[in-house]
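Lettering follows sequence order; numbering is per chain, from 1.
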Amino acid sequence: MSDIRQQRNALTKRILEGAGQASFSERRAAFHNAGAADAVSSLVDKVARHAYEVTDEEIAAATASGLSEDGIFEIVVCAAVGQASRQYETALAALNAATDPAPGME
Amino acid sequence: MMRLRILDSGHGFGTKALFALIRAVSRQPVLDVIKLVKYRADFYGRPMSAITQEAMRGPSVWSVGDRELMAAIVAQTNRSEFCTKAHSAVAQQAYGDGKNVATFLSKLDTGGIPEPLRATLLMLRKLTREHAVNSDDMREVLASGASRQQIEDALAVCFSFNVIGRLADAFGFSVPDDDAFEAGAKYLLARGYR
């Protein structure tokens, strides 16, 4: 059995709480796809929901807003990891619901 | 060129020397996915590679070929051309000639994939496409013969490639020719994702 719990916690902690150029709040907003600044909110949403639609212009617009390339790198990573995490946790909850005995059936 | 210049050319001296060595030995360009994991590796590359290595090469009832096929299905569902080609190539090399990965990918429902792999792949496709699955979906996979642990292992693969595929498309990985993917697949089978 593979077990990625520890590794996933380490990744999330690193990207959200470790050193970086984007602020903690910018990274958290990207991770949760909620409350990101106007300059990056559509980029963050696309990374989360249909990353194949991201365009050169959107990355350029984020740069033009004053973010460094390193900051954009961090924000995009946070958006991708956040969405994959929500999917993973939703699926694990569904698996738990499917395998736990129903109340009163223990 | 990727959309952020730092990912193409912002690496330190040692990493650039490593890239020159890879180009010389493999006679292939350095794949953008390698450039990404080597850029500020403490932020993304190292912690992410630890997850991917465990999911793809850690102990599991699923074979390496099965897990690479799962990665390819996730990538295909996300319409990530780079990752679909990359992991189709690894799955095909892992399976050998007895199975045709291209057929599996194009005919997931009817292409002769044995259970419980087929039901598991369908669940991963739904999770990736709709961002959610429910307990009925999970009961179907369990009924097809997958153990709880096999489903958890498959979800770990799904997590990894839902991250990587998004980054491939957001950063604009260039898609090289098939020879580069074949060389990459050989490397990933021999060395893993460390």
**Student:** Would you call A:V76 and B:L167 a side-chain contact if the rule is heavy atoms closer than 4.5 Å?
**Tutor:**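 A side-chain contact under 4.5 Å exists here.
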**Student:** Using a cut-off of 6.0 Å, state whether more than 12 heavy atoms not belonging to A:D56 lie near its atom CG.
**Tutor:**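 Correct, the count exceeds 12.
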**Student:** Looking at A:Q87 and B:N162, would you say the former's side chain and the latter's main chain have a donor-acceptor pair under 3.5 Å?
**Tutor:**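 Pair absent, no side-chain N/O of A:Q87 close to backbone of B:N162.
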**Student:** Between A:I15 and chain B, which part of the residue has a heavy atom less than 4.5 Å away: side chain, backbone, both or neither?
**Tutor:**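 For A:I15, heavy atoms of backbone and side chain both lie under 4.5 Å from chain B.
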**Student:** Give me the atom names and distance for the closest heavy-atom approach of A:T99 to B:R148.
**Tutor:**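 Answer, listing the atom of A:T99 first, then B:R148: OG1-NH1, 2.7 Å.
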**Student:** Using a cut-off of under 4.5 Å for heavy-atom pairs, which of B:L36, B:D42, B:V157 has the most such pairs with chain A?
**Tutor:**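 With the most close heavy-atom pairs to chain A, the winner is B:D42.
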**Student:** When clusters are formed by joining ILVMFWY residues with side-chain heavy atoms under 4.5 Å apart, either directly or through shared neighbours, do B:Y187 and B:I22 land in the same one?
**Tutor:**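 No, B:Y187 and B:I22 fall in different hydrophobic clusters.
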**Student:** Check whether B:R3 reaches the backbone of A:V54 with its side chain - one donor and one acceptor, N or O, closer than 3.5 Å.
**Tutor:**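 A pair under 3.5 Å: yes.
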**Student:** Kindly give the heavy-atom pair with the smallest separation between A:A98 and B:S135, and that separation in Å.
**Tutor:**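 So the two residues come closest at CB-O, 3.6 Å.
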**Student:** A side-chain contact here means heavy atoms from C-beta on lying under 4.5 Å apart; do A:T90 and B:V133 qualify?
**Tutor:**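 The answer is no; the side chains never approach within 4.5 Å.
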**Student:** Please check: side-chain N/O of A:E69 versus main-chain N/O of B:I6, any donor-acceptor pairing under 3.5 Å?
**Tutor:**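 Between the backbone of B:I6 and the side chain of A:E69 there is a qualifying donor-acceptor contact (under 3.5 Å).
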**Student:** Measure the spacing between OG of B:S60 and CG of A:D3 and express it to the nearest 0.5 Å.
**Tutor:**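 It comes to 12.0 Å.
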**Student:** Relative to chain A, which segment of B:L155 carries a heavy atom at a distance below 4.5 Å: side chain, backbone, both, or neither?
**Tutor:**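 Both the backbone and the side chain of B:L155 come within 4.5 Å of chain A.
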**Student:** Kindly give the heavy-atom pair with the smallest separation between B:I51 and A:Q7, and that separation in Å.
**Tutor:**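 Where B:I51 meets A:Q7 most closely, the heavy atoms are CG1-CB, 3.4 Å.
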**Student:** Taking NZ in B:K35 as the centre, count heavy atoms belonging to other residues, nucleotides or ligands within less than 6.0 Å. Is the count above 12?
**Tutor:**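 Above 12, so yes.
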**Student:** For B:R139 versus A:A97, what's the shortest heavy-atom pair and its separation?
**Tutor:**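 Heavy-atom minimum between the residues: NH2-O, 3.6 Å.
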**Student:** More than 12 foreign heavy atoms under 6.0 Å from NZ of B:K186: is that the case here?
**Tutor:**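 Not more than 12 within 6.0 Å, no.
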**Student:** If we define contacts as heavy-atom pairs under 4.5 Å, which of A:A79, A:A93, A:A48 has the most with chain B?
**Tutor:**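 Ranked by contacts with chain B, first place is A:A48.
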**Student:** Quick check on B:R57 against chain A: is it the side chain, the backbone, both or neither that has a heavy atom closer than 4.5 Å?
**Tutor:**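 Neither; nothing under 4.5 Å.
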**Student:** With a 6.0 Å cut-off (strictly less than), is the heavy-atom count around CD of A:E53, excluding the residue itself, greater than 12?
**Tutor:**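 Count over threshold, so yes.
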**Student:** Decide yes or no for B:S80 and A:Y52: does some side-chain heavy atom of the first lie under 4.5 Å from some side-chain heavy atom of the second?
**Tutor:**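 B:S80 does not reach A:Y52 side chain to side chain.
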**Student:** Could you tell me which of B:M48, B:R5, B:E152 has the largest number of non-hydrogen atom pairs under 4.5 Å with chain A?
**Tutor:**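 Counting heavy-atom pairs under 4.5 Å, the top option is B:R5.
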**Student:** When rounded to the nearest 0.5 angstrom, what distance separates CZ in A:R27 from CZ in B:F43?
**Tutor:**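 These two atoms lie 5.5 Å from each other.
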**Student:** Using the rule that Ile, Leu, Val, Met, Phe, Trp and Tyr join whenever any side-chain heavy atoms are under 4.5 Å apart, tell me whether B:M138 and B:L122 fall into a single cluster.
**Tutor:**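 Yes, it is one cluster - the side chains of B:M138 and B:L122 are joined through contacts under 4.5 Å.
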**Student:** Which atoms form the tightest heavy-atom contact between B:A156 and A:Y88, and what is the distance?
**Tutor:**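 In terms of heavy atoms, the two residues are closest at N-CE1, 3.9 Å.
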**Student:** Over 60° means perpendicular and under 30° means parallel, so classify the ring planes of A:F73 and B:Y39, tilted if in between.
**Tutor:**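 Ring orientation, 0 to 90° scale: perpendicular.
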**Student:** Just give me the residue among B:D136, B:D169, B:V141 that pairs up with chain A most often, heavy atom to heavy atom, under 4.5 Å.
**Tutor:**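 It is B:D169.
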**Student:** May I ask you to say whether B:R40 pairs ionically with A:E74, meaning some side-chain N is under 4.0 Å from a carboxylate O?
**Tutor:**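 Here B:R40 pairs with A:E74 in a salt bridge, since their nearest N and O are under 4.0 Å apart.
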**Student:** Is it the backbone or the side chain of A:T55 that comes under 4.5 Å from a heavy atom of chain B, or both, or neither?
**Tutor:**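 Only the backbone of A:T55 comes within 4.5 Å of chain B.
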**Student:** What pair of heavy atoms forms the shortest contact from B:E54 to A:I4, and how long is it?
**Tutor:**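 Heavy atoms only, the tightest pair is CG-CG2, 3.9 Å.
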